[in-house]
There are 2 protein chains.
Amino acid sequence: MTPRADHLTAEVVELIGTVVARYHEEYEHAAAEHSLTGAQARVLGLLAREPMPMRRIARSLKCEPSNVTGIVDRLESRGLVERRPDPADRRVKLAAPTETGRATAAQLRDSLDFAREPLGELSVTERALLKELLQRMLGVTPE
Amino acid sequence: MTPRADHLTAEVVELIGTVVARYHEEYEHAAAEHSLTGAQARVLGLLAREPMPMRRIARSLKCEPSNVTGIVDRLESRGLVERRPDPADRRVKLAAPTETGRATAAQLRDSLDFAREPLGELSVTERALLKELLQRMLGVTPE
DNA sequence: ACCGAATTACTTGACAACATGAAATATCGA
DNA sequence: TCGATATTTCATGTTGTCAAGTAATTCGGT
């Protein structure tokens, strides 16, 4: 595989680690302001985009489906999410945000200042550059 | 505060989210290969750099000191870490990696291919550019 | 210099959330 | 009907918080 990382690469890795830590901190904080845990906020954000079966939530979160049951339970007991039957398949339950849930998700998205604010430090050109570098790094091939 | 994010910024935020997710995945995976949890791996990595009192571990992890007790307990029961008295202050306990712990930490660091491998996609110039952009974003002022 | 009070470091215990894996139930598809 | 799939439940372990408790240090006043 890759040989031992050079100094520059190591520095970048370190920086990414810092970004990750900062991101998490901000995310948890934003979630906590709505009395949500990180996991709950993630699921709510996911469902705000599009209702989906439990199974798919689990795939998105990369965790076991049995875990999702509990998270959705807690969201449901707070009236942010509801389970609806899937007309096409009676085994599956579609989790969908309620009206309140959608509102909370929107507020949450807005208060997710993490990258928005620091990105203000960068010019438009730089942001575009950063975007391209990250895409390349992630192996995203722009169509 | 910052006005509603423009399209470009939103894209970059999204990308950062993806980077964060990928990073975590890789980190947990690397930790699991040594039968460690993410938190345990983080603490071990921290101590491999430099032994430190429990309180400082808590500050690094941004969690309560009482939480660190349990994590270090588990690492200690597996012989990866030991608690030593601080000669200067009998209240504090210094957590330090054992020989095995240091070896595990080194392996862990090496298997942390996340950013190393994808960064291979970028040229040296690009990596330097990325480093600078991330530093600016994080508000790091290079001396 | 001394003594008592506040502070600090760590642990313990109770409790909630998250996470996994195995087993149970219900439904689908071939 | 049989095997696969979607969800839940249960047992268990780790991470996290908070409040209370113990031990050691520091500081202020005399």
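- Scanning for salt bridge (Lys or Arg N to Asp or Glu O under 4.0 Å) contacts around Glu14(A) gives Arg49(B), with sequence neighbours left out.
- Taking atom CG on Asp86(B) and atom C1' on dC10(C), their separation rounds to 13 Å, with Å as the unit.
- Rounding to whole angstrom units, CG of residue Asn67(B) and P of dC15(C) are separated by 18 Å.
- Side-chain atoms of Asp89(B) lie closest to dA24(D) of the nucleotides dA24(D), dC18(C), dT14(D).
- Side-chain proximity of Thr69(B) to the nucleotides dA9(C), dT12(C), dT20(C) is greatest for dT12(C).
- Under the salt bridge (Lys or Arg N to Asp or Glu O under 4.0 Å) criterion, Glu76(B) pairs with Arg83(B), not counting sequence neighbours.
- A salt bridge is absent between Lys62(A) and Glu28(B); no separation between the charged side-chain nitrogens and carboxylate oxygens falls under 4.0 Å.
- With distances taken from any side-chain atom of Pro65(B) to the nucleotides dT11(C), dT17(D), dT7(D), the minimum falls on dT11(C).
- Between Arg56(A) atom CZ and dT7(D) atom P there is a gap of 11 Å when expressed in whole angstrom units.
- Rounded to whole Å, atom P of dA19(C) lies 14 Å from atom CD of Glu25(B).
- Atom-to-atom, CG of Leu94(A) to C1' of dA6(D) comes out at 11 Å; the value is rounded to the nearest Å.
- Of the candidate nucleotides dT17(D), dT7(D), dT11(C), dT11(C) has the atom nearest to the side chain of Met54(B).
- Asp89(A) CG to Leu94(A) CG: the interatomic distance, rounded to the nearest 0.5 Å, is 9.5 Å.
- Closest contact between the side chain of Ile71(A) and the listed nucleotides dT17(D), dA19(C), dA17(C) involves dA19(C).
- Of the listed nucleotides (dT12(C), dT25(D), dT15(D)), dT15(D) has the atom at the smallest distance from the side chain of Arg74(B).
- Residue Arg90(B) has a polar side-chain atom (N or O) positioned under 4.0 Å from OP1 or OP2 of dT25(D).
- In this structure, Met52(B) and Gln40(A) both approach DNA chain C, and ranking their closest nucleotides by distance from the 5' end singles out Met52(B).
- Between Lys62(B) and dG16(D) there is no side-chain polar atom (N or O) within less than 4.0 angstrom of OP1 or OP2.
- Nearest-nucleotide mapping onto DNA chain C: of Val92(B) and Gly70(A), the residue sitting toward the 5' end is Val92(B).
- In this structure, the CZ atom of Arg42(A) is 9 Å from the P atom of dC18(C), given to the nearest Å.
- A donor and an acceptor atom sit less than 3.5 Å apart, one in the side chain of Arg91(A) and one in the base of dT5(D).
- Atom OH of Tyr27(B) is separated from atom P of dT15(D) by 12 Å (rounded to the nearest Å).
- Whole-Å rounding puts the Arg59(A) CZ to dA19(C) P distance at 17 Å.
- No N or O donor and acceptor, one from the side chain of Ser66(B) and one from the base of dG16(D), sit under 3.5 Å apart.
- Contact check on Arg22(B) versus Glu25(B) returns no salt bridge, with no Lys/Arg side-chain nitrogen under 4.0 Å from an Asp/Glu carboxylate oxygen.
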